[in-house]
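It should be emphasised that the depicted structure is a prediction, and the values quoted were computed from it without experimental measurement. Chain letters run A, B, ... following the sequence lines, proteins first and then strands; every chain starts at 1.
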Amino acid sequence: MSNETKTPDKFTIINELARRRGFFWQSYEIYGGVSGFVTYGFLGAKLKQNIEKKLRELFVNKLGILEIESPVISPSKVFKASGHVDHFKEPMVECSKCKKRFRADHLLQEFAKINEAETEKLSLKELKEAIEKHKIRCPECGGTFGEPKYFLTMFKTTIGPYSEAVGYGRPEAAQGIFVEFRRLYEMAREKLPFGVMQIGHALRNEISPRQGLIRLREFTIIDLEFFFDPEEPNCFLLKDFENETLRLVLAESKLRGSEEIVEVTVKEALEKSYIKAEWQAVFMALAKKLLVDLGVPAEKQRFIEKLPWERAHYALQSFDQEVYVERWGWVEVSGHAYRTDYDLKQHMQFSGADMRVFKEYEKPVETEQTVIKPLMAKLGPVFKEEAAKVAEMLSEADAEEVEASIKKSGYYMLGKYKILPEYIEVMCQKVKERGKRFIPHVVEPSFGSDRMVQFALEYAYRVKDDRAILSFPRDIAPIQIGVYPLMNKNGLSEKALQVYKMLLNEGFTVEYDEAGSIGRRYARADEVGIPLGITVDYETLNDTTVTIRDRDTWKQVRSRIEDLPKLLHEYFHWKADFEDLGKPFEG
RNA sequence: GCGGUCGUAGUCUAGCUUGGCUAGGACUUCGGCCUCCCACGCCGACGACCCGGGUUCAAAUCCCGGCGACCGCACCA
C-alpha cells in the first residue's frame with residue numbers, strides 16, 4: 001500500500017467497488033492470489049451474462065449465427081496447423097550480468113538496423129550469431145547475453161499419461177470452429193454465407209498481467225467466424241447499416257505518425273476501400289452499436305487499423321475496436337480481422353480433410369480439354385518397372401505442352417524420360433463441370449467479454465452527492481428491482497415481501513432489503529446499479545399503491561401494485577420510460 | 001522477469017523509527033431502538049498484523065526467504 005495521498009483514479013475506485021460489492025476479485029486470495037486470474041461474484045457473473053446476452057441479441061439472431069461450445073484443450077496439431085505454435089512466442093535473451101530480459105529481435109532491429117521482416121525469419125541460433133556478430137551488449141549495463149530462448153505464450157500440457165501427447169490451452173476460440181467446419185457447414189444446410197460463434201474461456205500465459213480485467217491469463221473470449229464466398233462478398237444487411245458512422249484510424253495515418261480519426265459512414269468506408277470486406281464493415285458497425293448499448297458513447301470509441309507487421313499472422317486486414325478509458329487511454333475491446341481462407345487452408349493441409357465447399361454453376365460449363373492417355377502396351381516394354389511411374393507423370397503433365405512439344409520436335413522430355421508420339425494418345429475430351437470447389441473466406445469479430453464488463457463499469461460509474469452510482473443501461477443491470485418496506489414494522493415488511501415474491505414470479509431479478517434506513521438502502525442499491533426501487537409505505541396499506549424510485553434521477557412515481565408487472569416489463573424492454581410508470585410522488 | 005515503493009478486519013487507516021498489544025479509530029456489515037423517503041441518531045455485535053523461517057524472555061515492530069500489489073522497464077502474436 002502506498003503512502004502517497006494521490007486521489008485514486010477511476011480504475012482503482014471501480015476495482016475497489018467491484019471487490020467490495022462482489023462483482024469480481026483476484027482469484028486464490030487465501031493462497032496469496034495469482035495475477036491474471038479472476039473470480040466473478042454473482043453480481044459480476046450476472047452482469048457478464050447480461051452483456052453476452054446483449055451481444056447475442058445483436059449478432060446472433062438476425063444473422064442466423066450458430067452458437068457452439070468446443071473444448072479448451074486441443075492436441076498440439078491444431079495449433080501447429082493454425083500457426084500459433086510458430087507465431088505465439090517471442091525470442092528473448094537475458095543479460096548475464098543484470099538479468100534483464102529483452103526481445104532478441106528488437107535488439108537486432110534497434111542496434112543492427114535489421115528490419116523486422118528479416119529478424120522474423122531468424123532461428124534462435126541465427127539470432128545468437130547475429131547478436132554476436134554485431135557485438136550487441138545489454139543496453140542497461142553493457143553485459144553480454146546468454147542463449148536466446150523462446151517464451152511461448154500458450155499454456156502447454158499433456159493429454160493422457162503419455163508425455164509425448166502434447167496439448168495446448170487454446171489462446172482463442174476460433175480454431176474450435178475451424179476444425180469443425182465440415183460438420184458445421186452441413187448443419188448450415190450447405191449454404192454460404194453463415195456464421196458460427198462461441199463464447200468460452202481462452203488461455204494466454206501473459207508475462208505480466210496486471211491490469212485487472214483488461215489482461216487476464218484466463219479470460220472469456222467471444223469469437224464469431226463468418227464464412228462467405230469471396231466471389232459473392234456482398235452483405236445482405238448492408239442497407240441497414242450503410243449510414244452508420246465509424247470512427248477510423250487508418251494504417252496510412254499511423255505510418256505518418258498520426259492517430260487522426262476519420263469519421264465515415266459504412267458506405268463511404270467501403271467505397272474508399274478503407275475497409276476491404278463488406279461483412280467486416282457491417283460487423284464493425286454492429287460492434288460499435290453493442291458498445292453504445294453497454295453505455296460507451298460513440299465518441300469514446302474508435303477502430304484502429306493494424307499495420308502489416310502488427311497484424312496477427314492470419315489476417316489480411318484488421319481493425320481493433322478501442323474504448324477510451326481514463327487510466328490507460330485507448331484499450332482494445334474487439335478485433336475485426338479478415339482471415340481470408342488462411343485457417344481452413346492450413347487445417348486442410350495439415351489434416352488432409354477437404355475443407356472446400358461445392359458451388360454449383362447456374363448452367364454446367366462444358367469445356368473441351370486436351371487429355372493425354374498413356375498407352376501402357378507401348379510404355380511397358382520401353383520403361384519396364386518404371387512404366388507405371390511414367391504413366392502417372394504423364395497424366396499429370398500439361399497436355400497442351402506435351403502436344404506442342406511433340407508437334408515441334410517429335411518428342412517430349414518428361415523429366416529424364418523421352419516420350420515419343422506412339423507412346424501416347426492425344427484426345428480431345430468434353431468435360432462437363434457442374435460447379436467448383438473452393439475454400440470460403442472468413443471475417444472474424446472477436447470480443448473480450450471481461451473487457452466489456454470493465455468498460456461497462458467504467459462508463460456506468462458516476463458520483464452524485466458523494467455517493468457512487470453505477471448507471472448501467474437498464475437491460476444489463478445485474479439486479480433489476482429492489483423492494484423495500486419503508487419501515488420494518490406495522491405489517492409493511494409482510495406487504496413488501498408479497499410484492500417481492502410477485503415480481504420474482506414475473507421473472508424479474510429482484511432483491512428484498514429491509515436492513516437500515518430507507519436512505520441507506522437506496523444508496524446500497526445505487527452502488528450496484530439497481531435501476532428501480534419499489535417502496536411499500538403506509539399509503540400502500542390503504543390504497544395498494546407503492547412508490548417506484550429511479551436510480552439515476554432519484555425521482556419517484558406512485559403506481560398500483562397490480563399494474564407493476566405490465567409496467568415493469570415495458571420499462572425493461574425500453575417500451576416505456578420512467579415517467580410512464582406512475583404519477584409523480586414527492587417523498 | 002528486473003528495479004523502486006509497499007503489504008494491519010469488507011474498506012480507509014493508527015501503531016513500526018526506539019520490540020512490552022489484551023493491536024486503537026472511522027466507514028461498511030449484522031442485531032436492536034426511533035411513522036425512518038435518500039449512507040440521520042442512539043445501544044450492541046462480528047471482524048485484521050500477507051505467508052514461512054530466524055533473533056529475543058517477548059516480534060505488527062528487527063533480520064532472511066517467499067507470495068502479492070502499485071509505479072517504471074520489458075511484454076501484450
Side-chain angles (χ1 to χ4, degrees), chain A residues 1-6 8-9 11-13 15-17 19-22 25-26 28-36 41 79 82-90 92-95 97-103 106-107 120 138-141 149 151-154 171-172 204-212 214-217 306 309-315 318 328 331-332 335 337 464-469 484-490 492 514-527 533 535-539 541 546-547 549-551 553-556 558 585-587:
Chain A
M1 225 32 77
S2 158
N3 285 335
E4 290 171 49
T5 47
K6 246 189 332 196
D9 63 12
F11 181 82
T12 310
I13 294 168
N15 280 277
E16 191 273 311
L17 171 64
R19 200 172 347 121
R20 193 160 44 80
R21 297 305 306 268
W25 56 85
Q26 190 187 31
Y28 310 113
E29 270 179 342
I30 64 164
Y31 291 106
V34 182
S35 32
F79 288 107
S82 71
H84 285 81
V85 171
D86 288 334
H87 292 93
F88 221 76
K89 64 183 181 192
E90 307 299 339
M92 312 261 300
V93 283
E94 188 179 277
C95 169
K97 202 167 141 197
C98 72
K99 304 289 175 203
K100 285 211 172 181
R101 290 189 179 192
F102 301 89
R103 283 272 299 265
H106 287 185
L107 288 172
E120 215 160 67
C138 172
E140 289 291 316
C141 71
K149 279 181 191 157
F151 179 79
L152 183 71
T153 37
M154 280 195 290
E172 59 164 29
R204 296 181 191 184
N205 200 4
E206 302 281 357
I207 296 172
S208 171
R210 340 176 242 217
Q211 298 170 5
I214 291 177
R215 276 181 69 211
L216 294 170
R217 290 188 167 120
K306 300 292 237 179
W309 55 87
E310 292 173 335
R311 284 201 298 256
H313 56 277
Y314 47 69
S318 69
W328 285 290
V331 176
E332 179 187 357
K464 181 172 177 177
D465 295 355
D466 281 333
R467 275 163 43 170
I469 301 177
Y484 320 106
L486 184 63
M487 270 176 298
N488 201 356
K489 54 194 227 173
N490 298 335
L492 290 182
E514 59 171 33
S517 75
I518 190 69
R520 180 179 297 269
R521 283 175 272 162
Y522 288 152
R524 265 202 294 258
D526 288 345
E527 205 181 36
T535 305
V536 167
D537 57 18
Y538 286 104
E539 274 184 64
L541 301 178
V546 291
T547 67
R549 170 187 178 273
D550 179 43
R551 173 196 63 200
T553 60
W554 298 0
K555 283 187 184 149
Q556 285 180 292
R558 224 176 158 91
F585 170 76
E586 297 293 330

Asker: Which residue, A:V34 or A:H84, contacts RNA chain B at a nucleotide closer to its 5' end, judged by nearest heavy atom?
Answerer: A:V34
Asker: Please give the nucleotide sitting opposite B:G1 as a Watson-Crick or G-U wobble pair, both distances under 3.5 Å, or none.
Answerer: B:C73
Asker: Whom does B:G47 pair with, Watson-Crick or G-U wobble, provided both distances fall under 3.5 Å?
Answerer: none
Asker: Out of A:R551, A:R467, A:R520, A:R21, which residue meets the salt bridge (Lys or Arg N to Asp or Glu O under 4.0 Å) rule with A:D526?
Answerer: A:R467
Asker: For a quick check of understanding: with a heavy-atom distance under 4.0 Å over all strands, which category does A:T153 fall into, base, sugar-phosphate or nothing?
Answerer: nothing
Asker: Rounded to whole angstrom units, what separation is found between the CZ atom of A:R467 and the C1' atom of B:C40?
Answerer: 13 Å
Asker: As a test of reading the structure: which of B:C30, B:C37, B:A77 is closest to the side chain of A:D537, going by heavy atoms?
Answerer: B:C37
Asker: If you measure from the C1' atom in B:C49 to the same atom in B:U8, how many Å do you get, rounded?
Answerer: 4 Å
Asker: Working to the nearest 0.5 Å, report the span between OH of A:Y484 and CZ of A:R521.
Answerer: 8.5 Å
Asker: Counting Watson-Crick and G-U wobble pairs only, both distances under 3.5 Å, name the nucleotide matched with B:U61, or none.
Answerer: none
Asker: Closest approach to the side chain of A:S517, judged atom by atom: which nucleotide of B:G68, B:U11, B:C36 is it?
Answerer: B:C36
Asker: Taking the side chain of A:E16 as heavy atoms from C-beta outward, which of B:U11, B:C76, B:A77 is closest to it?
Answerer: B:U11
Asker: Is there a Watson-Crick or G-U wobble partner for B:C67 with both distances under 3.5 Å, and which nucleotide is it?
Answerer: B:G7
Asker: Looking at A:D537, A:V536, A:L541, which one forms a side-chain contact (heavy atoms from CB on, under 4.5 Å) with A:E539?
Answerer: A:D537
Asker: Paired with B:U55: which nucleotide, if any, by Watson-Crick or G-U wobble criteria at under 3.5 Å for both distances?
Answerer: none
Asker: Using purine N1 to pyrimidine N3 plus N6-O4 or O6-N4 for Watson-Crick, or N1-O2 and O6-N3 for G-U wobble, both under 3.5 Å, which nucleotide pairs with B:U22?
Answerer: none
Asker: When the C1' atoms of B:C62 and B:C76 are compared, how many Å lie between them, rounded to an integer?
Answerer: 41 Å
Asker: In Å and rounded to the nearest 0.5 Å, what is the CG to CG distance from A:L152 to A:D86?
Answerer: 10.5 Å
Asker: Between A:G36 and A:R21, which residue's closest nucleotide on RNA chain B lies nearer the 5′ terminus?
Answerer: A:R21
Asker: So, A:T535 versus A:Y522: side-chain donor-acceptor pair below 3.5 Å or not?
Answerer: yes
Asker: Please tell me which of the listed nucleotides, B:U35, B:C40, B:C37, lies nearest to the side chain of A:R520?
Answerer: B:C40
